[in-house]
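For reference, the structure is listed below as structure tokens.
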Amino acid sequence: NKCGPLQKLKVKQQWSVAFGTDHHRIDFGIAIWRGLFRQEPEARKMFKRVNGEDLYSGAFRAHSMRVLGGLNMVISAIDNDDIAKFVLSHLHEDHVDRHVPGNYYQAMKNSLMKVIPAAIGRCFDHDAWEACMDVIINGIKGN
Ligand code: HEM
């Protein structure tokens with residue numbers, strides 16, 4: 001199970017469908033965070049600054065859109081190694097001093113692996129996402 005050229009193309013194409021447009025992105029982002037906090041309720045404490053207690057607050061919705069924007073940047077660049085590395089190292093820099101525990105990253109992956117197929121239906125290529133999501137998450141974690 002690898003994140004090769006074909007898998008990257010599929011992830012990129014399927015992401016553009018899942019990410020969608022306009023107001024859909026707000027609900028999509030909130031669903032991802034709700035899925036994460038359901039698995040790891042303590043993770044909410046990391047989001048005091050952006051009002052993690054209220055997913056529908058302006059501050060948290062704006063945060064959620066920054067994260068989706070970051071994910072969109074990585075996935076848009078996933079078929080270009082140089083750019084993908086650069087984007088991932090930037091996201092790594094954003095997170096390294098926050099000391100996000102490994103199980104929180106795993107919870108994020110689990111949530112994305114539920115919410116993305118829910119948004120796109122049968123076209124979801126589970127194996128491609130599984131492999132490429134590891135590349136993305138490991139890049140942000142920095143290993
Ligand atoms: C902030 C992306 C996973 C915790 C951010 C920002 C982006 C981002 C773009 C905004 C950076 C800034 O403007 O300063 C991502 C992506 C992830 C991911 C693409 C994985 C797909 C996680 C996980 C956690 C986390 C799993 C912990 C549960 C945080 C925190 C902030 C942050 C605490 C700062 C919030 C604030 O502004 O106070 N992330 N992130 N991130 N992220 Fe992540």
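Just follow the structure's listing: the first ligand is 1, and inside any ligand the first atom is 1. What you are looking at is a predicted structure, and each value in this text was computed from that prediction instead of being measured.
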Could you tell me, atom by atom, which parts of ligand 1 come under 4.0 Å of a heavy atom of Y104? 26 (C), 28 (C)
Among non-hydrogen protein atoms, atom 37 (O) of ligand 1 lies closest to R49 NH2, 2.8 Å
Under 6.0 Å from the NE2 atom of H90, do we count more than 12 heavy atoms belonging to anything else shown? no
Is there a path from I120 to I26 through hydrophobic residues (I, L, V, M, F, W, Y) whose side chains come within less than 4.5 Å of each other? yes
Quick check: does any side chain N or O of R25 sit under 3.5 Å from a backbone N or O of F19, one acting as donor and the other as acceptor? yes
closest protein heavy atom to atom 4 (C) of ligand 1 is F47 CZ, 3.4 Å
Where is the nearest protein heavy atom to atom 3 (C) of ligand 1: which residue, which atom, and how far? M108 CE, 3.8 Å
Contacts satisfying side chain to side chain donor-acceptor pair (under 3.5 Å) that involve residues 129-138 (not counting sequence neighbours) are Q14-W129, K109-E130, K109-D134
Number of protein N/O/S atoms less than 2.8 Å from atom 43 (Fe) of ligand 1? 1
Compare V50, L71, N72 and give the one whose heavy atom is closest to atom 21 (C) of ligand 1. L71
Just jot down the salt bridge (charged side-chain N to carboxylate O under 4.0 Å, His left out) partners of E42, sequence neighbours excluded, or say none. K45
Looking at E93, M46, R66, the heavy atom closest to atom 10 (C) of ligand 1 belongs to R66
May I ask you to check whether Q7 and D127 show a side-chain donor-acceptor distance below 3.5 Å? no
When you group the ILVMFWY residues by side-chain heavy-atom contacts below 4.5 Å and let the links chain together, are V135 and V11 in the same group? no
Between K10 and D125, is the closest basic N to carboxylate O distance under 4.0 Å? yes
For residues 63-72, dump all side-chain donor-acceptor pairs below 3.5 Å to protein atoms at least two apart in sequence or in another chain.
residue : atom : partner : partner atom : Å
N72     : OD1  : W15     : NE1          : 2.8

